[in-house]
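Just so you know, these numbers use all the heavy atoms, side chains as well, and skip hydrogens, waters and symmetry mates. Both counts, for ligands and for their atoms, begin at 1 and track the order of listing.
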Amino acid sequence: MAKITYIQFDGAEHTIDVRNSLTVMEGAVKNNVPGIDADCGGACACATCHVYVDEAWREKTGTASAMEESMLDFAENVKENSRLSCQIKVSDALDGLIVRLPESQH
Ligand code: FES
């Protein structure tokens, strides 16, 4: 279980306990966090689950796979800390994780 804080572009915060083995995207969708549409259902094929990982958490969330990188090319306003939240698996190690949503997703 990990407590994850999703911060909308307008500053609204949603802090949610997300079960291990779910993804950061699934934690948002199951709890109606706005801005993560996840149109492809987590297949790394839509980029509507784009988030910015808080700097302090970049190491623990790992790096994007080649497939994720190529899908991020379709996302808007991609930054160094951009990830597709459907590709980040939740574990105890991510307790306290903070992700921010891009302006285009609200
Ligand atoms: Fe489609 Fe993440 S849900 S790429």
Residues forming a side-chain contact (heavy atoms from CB on, under 4.5 Å) with T5, sequence neighbours excluded:
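Result, side-chain contact (heavy atoms from CB on, under 4.5 Å) vs T5: I7, E13, T15, I98.
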What are the two closest heavy atoms between S82 and H50, and how far apart are they?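 Heavy atoms only, the tightest pair is OG-NE2, 2.8 Å.
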Exercise for review: Determine the minimum heavy-atom distance between C49 and C86, stating which atoms define it.
Suggested key: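 Nearest pair, atom of C49 first, then C86: SG-N, 3.6 Å.
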* **F9 and P102, any side-chain heavy atoms less than 4.5 Å apart** =>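 No, their side chains stay 4.5 Å or more apart.
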Table please: side-chain donor-acceptor pairs of residues 70-78 below 3.5 Å, with sequence neighbours left out.
unit_1	atom_1	unit_2	atom_2	d
S70	OG	A66	O	3.4
S70	OG	M67	O	2.9

Worksheet item: Can you list the protein N, O or S atoms less than 2.8 Å from atom 1 (Fe) of ligand 1?
Response: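 Correct list: C40 SG, C46 SG.
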Qualifying side-chain hydrogen bond (donor to acceptor under 3.5 Å, both in side chains) pairs with a residue from residues 88-97, counting only residues at least two apart or across chains: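 For residues 88-97: N20-D92.
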